[in-house]
Amino acid sequence: MNKKTLAPIITTAVVLVVLLVAFLLIKLIPEAESPDVSPSPTSTPSQTVYLYQEDYYDLKKMEFEFRDGKDIVIDVDDTGDVRVFNFSPSKEGWSYSQDRIRSTAFNIISVAALTTAAENVTDFSEYELDDPLLIARSYYDKDGEEVVHEIHFGKLTAVEDSYYARNKGESTVYVINKYTADTLMASELEYRELNFFPSYLSEDQMTVEAAGYITKIRIRNEAMDTDVEIGLRSDEELKELSVATSRYFMTRPVESNCNDTLVEDKLINVAAAISITGVVEDEPEDLSKYGLDEPLDIWMTNTDGDEVHYLIGDGSGTSVFAMVEGANTVLLADMFSPALREINYIDYLFKLLWIHNISDVKSVVFDIEGDRRLLEIRANEKDDTGKVVNFEAALDGRPLDETNARRLYTRMLDMMIEGEITETVDIEGRKADITMTITMKDGSKEELKLYALNERQYAGSINGDEAEYYINISDVRKLKEAFNYIAKGEEIPR
């Protein structure tokens, strides 16, 4: 084998030997530990380190001194059946959330460290513990002896998920999780109770179910010169009323029965959905920039006697600026319906000029343009289940079957309000074109008079009151047609 043939073989062998030695060095020599480049402590202790632990029911007071000087004191009152936290200094017109304060209490009675940052510290400025963001003190009654704990909170750690902290007088600096620190650092604003009125959101948080709970609602829009007030009749009031009526009764701008369904679905459930979500400005100097110099006013009262008066300003969509009577603060409200700005009281009226239950009626006298007719309800008896077992009626003295008697009576009631009369109708001394007089079983009378306004409309007056609304002539035609069906021996259509 000559030299030219051996050279490549020798070279290859040398390379393989070098690679083998290098591989063995890598495997056998231990890898040097990399320096800790974490900007803040990240090690996890083998067991939880507590700065202190106390019992919730031993807690008597909490004090919070902030670097900016806005200090808070919370006293514990255990004299009643339920523990109450008294917040100070309080802002006029505001109450403070007991649930939010209770959360603070549970966080202050037991403070755990994520880890120890440093021991035997002499210069606390590195952690801003020489001038802490917060000094939190908690006072406890331990078998008649007062125990006080004081924690100083410094700056955020470099990873911003925790704070440096220490017990007063100690040289050890700990790392406390951000949630605990932020809870204890809450400002006076964060403790404010934003629920000025009970929430009627359903369990799935999708719908509002305030019907039956709101006893009075009033909405006033001075810019549009509208003012509507509606109240809920009590069960006792409904029982005392001898005629069929609505649960809701309008008291402003007119007195009238209401369409219960519309009042609940389009007014009460809509207004009760409003919720306060935040604070914008305390003691505002210029309300006009929020549209609150000429607000929409909404008053509500519920069955428990709770009351609220919202003042609604400008907004976008369902989010608006708002204020609540008693608190000189601009708030942010959500779930507001812009339709509340443009309500028309006519929309919520019971749209019939009158309504009376046939069960309470003895007779009805019709005077239709001089043609007088008499409908008598001679018997209308029901069994214990409410089923009619004996019904007798007569028209002008001749027997009338139950179906036609009831449908004639229904057409008499079916005088649907079409709108409000804008000009006063002088009815004094004027003979009504149509008069219908109901005599009740108790002897009382109800009377509806209709006055022709033109070829298409009649003004209606109940019991001599001013004629405020008009109906369409089609309702009168349907009543006349009912008499024609009876005269021909036919059944009145539904």
Side-chain angles (χ1 to χ4, degrees), residues 48-114 116 124 127-156 162-196 279 282-283 326-327 329:
T48 304
V49 176
Y50 287 94
L51 279 71
Y52 64 84
Q53 283 183 289
E54 296 292 351
D55 188 274
Y56 172 76
Y57 291 101
D58 292 335
L59 179 65
K60 296 303 171 187
K61 183 166 73 170
M62 297 177 281
E63 293 178 345
F64 303 93
E65 293 184 12
F66 294 90
R67 183 187 289 172
D68 62 9
K70 297 178 179 178
D71 300 341
I72 292 172
V73 176
I74 300 174
D75 290 298
V76 181
D77 182 358
D78 285 325
T79 57
D81 295 334
V82 179
R83 167 168 280 202
V84 175
F85 297 96
N86 297 315
F87 188 97
S88 64
S90 59
K91 195 79 173 176
E92 183 179 355
W94 285 93
S95 58
Y96 293 84
S97 171
Q98 294 292 302
D99 288 340
R100 180 64 181 81
I101 298 173
R102 193 174 296 111
S103 175
T104 296
F106 279 120
N107 277 273
I108 205 171
I109 62 170
S110 177
V111 181
L114 295 174
T116 299
F124 292 100
Y127 309 98
E128 293 188 15
L129 285 166
D130 57 328
D131 183 19
L133 286 171
L134 170 69
I135 297 174
R137 296 188 196 89
S138 52
Y139 297 77
Y140 305 84
D141 183 352
K142 306 278 287 184
D143 299 324
E145 180 182 347
E146 183 179 72
V147 174
V148 182
H149 292 288
E150 180 174 310
I151 303 180
H152 295 191
F153 288 88
K155 69 178 182 179
L156 277 166
S162 50
Y163 283 84
Y164 293 112
R166 73 179 183 108
N167 279 319
K168 178 185 179 182
E170 294 184 4
S171 60
T172 301
V173 175
Y174 300 95
V175 176
I176 308 297
N177 76 73
K178 192 172 186 293
Y179 175 80
T180 298
D182 284 346
T183 299
L184 300 181
M185 289 183 187
S187 66
E188 180 266 340
L189 274 179
E190 293 173 84
Y191 284 105
R192 293 186 190 180
E193 179 60 77
L194 297 180
N195 296 323
F196 293 93
V279 175
D282 277 324
E283 300 178 3
T329 300

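We use all heavy atoms of the structure for the numbers below, so side chains are in, but hydrogens, waters and symmetry mates are not.
- Shown here for Ser138 and Ile108, the closest heavy-atom pair between the two residues is CB-CD1, 3.9 Å.
- Residues that satisfy the salt bridge (charged side-chain N to carboxylate O under 4.0 Å, His left out) test with Lys155, not counting sequence neighbours, are absent from this structure.
- Partners of Phe64 under the ring-ring contact (aromatic ring centres under 6.0 Å, His included) rule, at least two apart in sequence or in another chain, do not exist in this structure.
- For the pair Arg166 and Tyr127, the cation-pi test (distance below 6.0 Å, angle within 45°) is failed.
- Closest heavy-atom contact between Ala165 and Ile176: CB-CG1, 3.5 Å.
- In this view, Glu170 satisfies the salt bridge (charged side-chain N to carboxylate O under 4.0 Å, His left out) rule with no residue, not counting sequence neighbours.
- Partners of Tyr50 according to the ring-ring contact (aromatic ring centres under 6.0 Å, His included) rule, which considers only residues two or more places apart in sequence or in another chain, do not exist here.
- Listed by chain and residue number, nothing satisfies the salt bridge (charged side-chain N to carboxylate O under 4.0 Å, His left out) test with Arg100 (two or more places apart in sequence, or in another chain).
- Salt bridge present: Lys60 and Asp78 bring a charged side-chain N and a carboxylate O closer than 4.0 Å.
- Rounded to the nearest 0.5 angstrom, Phe87 CZ and Ser95 OG are separated by 11.5 Å.
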Check: Are Met62 and Phe85 close enough, and set up right, to give a side chain to side chain contact (heavy atoms under 4.5 Å, CB included), and what steps lead you there?
Finding: CA-CA 10 Å; Met62 297 177 281; Phe85 297 96; 4.3 Å; yes

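- Contact annotation: the side chain of Leu194 approaches that of Trp94 to within less than 4.5 Å [non-hydrogen atoms, C-beta and beyond].
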Next item on the list: Step by step, work out the side chain to side chain contact (heavy atoms under 4.5 Å, CB included) result for Leu189 and Asp282.
Entry: CA-CA 10 Å; Leu189 274 179; Asp282 277 324; 4.1 Å; yes

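- Every residue meeting the side chain to side chain donor-acceptor pair (under 3.5 Å) condition with Asp99, not counting sequence neighbours, appears here in chain and number order: Arg102.
- For Thr183, the side chain to side chain donor-acceptor pair (under 3.5 Å) criterion is met by no residue, not counting sequence neighbours.
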Next item on the list: Before giving the answer on side chain to side chain contact (heavy atoms under 4.5 Å, CB included), spell out for Arg67 and Asp131 the whole-Å C-alpha distance, their side-chain angles and the decisive distance to 0.1 Å.
Entry: CA-CA 7 Å; Arg67 183 187 289 172; Asp131 183 19; 3.8 Å; yes

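- In this structure, the side chain of Glu145 does not engage the main chain of Lys142 through any donor-acceptor pair within 3.5 Å.
- Side chains of Ile151 and Asn167 form a contact here, defined as non-hydrogen atoms less than 4.5 Å apart.
- For the salt bridge (charged side-chain N to carboxylate O under 4.0 Å, His left out) test, residues two or more places apart in sequence or in another chain that qualify with Glu283 are Lys91.
- Evaluated for a side-chain contact (heavy atoms from CB on, under 4.5 Å) with Glu54, the options Val147, Val111, Leu59 yield exactly one hit, Val147.
- Ring-plane geometry between Tyr140 and His149 is classed as perpendicular, the angle between the planes exceeding 60 degrees on a 0 to 90 degree scale with a lower cut at 30.
- Between Ala112 and Leu51, the closest heavy-atom pair is C-CD1, 4.4 Å.
- Looking at Val73 and Lys61, their side chains come closer than 4.5 Å, going by heavy atoms from C-beta outward.
- Once rounded to the nearest 0.5 Å, the distance linking CD1 of Ile72 with OG of Ser90 reads 11.5 Å.
- Nearest heavy atoms, Asp71 versus Glu65: OD1-CA, 3.3 Å.
- Qualifying ring-ring contact (aromatic ring centres under 6.0 Å, His included) partners for Phe153, counting only residues two or more places apart in sequence or in other chains: none.
- For the pair Phe66/Leu133, no side-chain contact is recorded, criterion being any heavy-atom separation below 4.5 Å from C-beta on.
- Judged by distance alone, the side chain of Glu150 and the main-chain N or O of Ile135 form no donor-acceptor pair under 3.5 Å.
- Here Tyr179 pairs with nothing under the ring-ring contact (aromatic ring centres under 6.0 Å, His included) rule; sequence neighbours left out.
- Of the possible donor and acceptor atoms, none in the side chain of Asn107 sits under 3.5 Å from a partner among the backbone N and O of Leu184.
- Glu193 meets the side chain to side chain donor-acceptor pair (under 3.5 Å) test with Asn195; sequence neighbours excluded.
- The distance from atom OG of Ser162 to atom OH of Tyr174, rounded to the nearest 0.5 Å, is 15.5 Å.
- The heavy-atom pair separating Ile109 from Tyr52 by the smallest distance is O-CE1, 3.6 Å.
- With sequence neighbours left out, the side chain to side chain donor-acceptor pair (under 3.5 Å) criterion links Glu188 to Tyr96, Arg192.
- Here the CE-OG1 distance, from Met185 to Thr180, works out to 10.5 Å after rounding to the nearest 0.5 Å.
- Between Arg83 and Tyr56, the closest side-chain pair of non-hydrogen atoms falls below 4.5 Å.
- The two residues Leu129 and Gly154 make their nearest non-hydrogen contact at CD2-N, 3.3 Å.
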Next item on the list: Might you work through the side chain to side chain contact (heavy atoms under 4.5 Å, CB included) test for Tyr163 and Asp182, ending with a clear yes or no?
Entry: CA-CA 9 Å; Tyr163 283 84; Asp182 284 346; 3.4 Å; yes

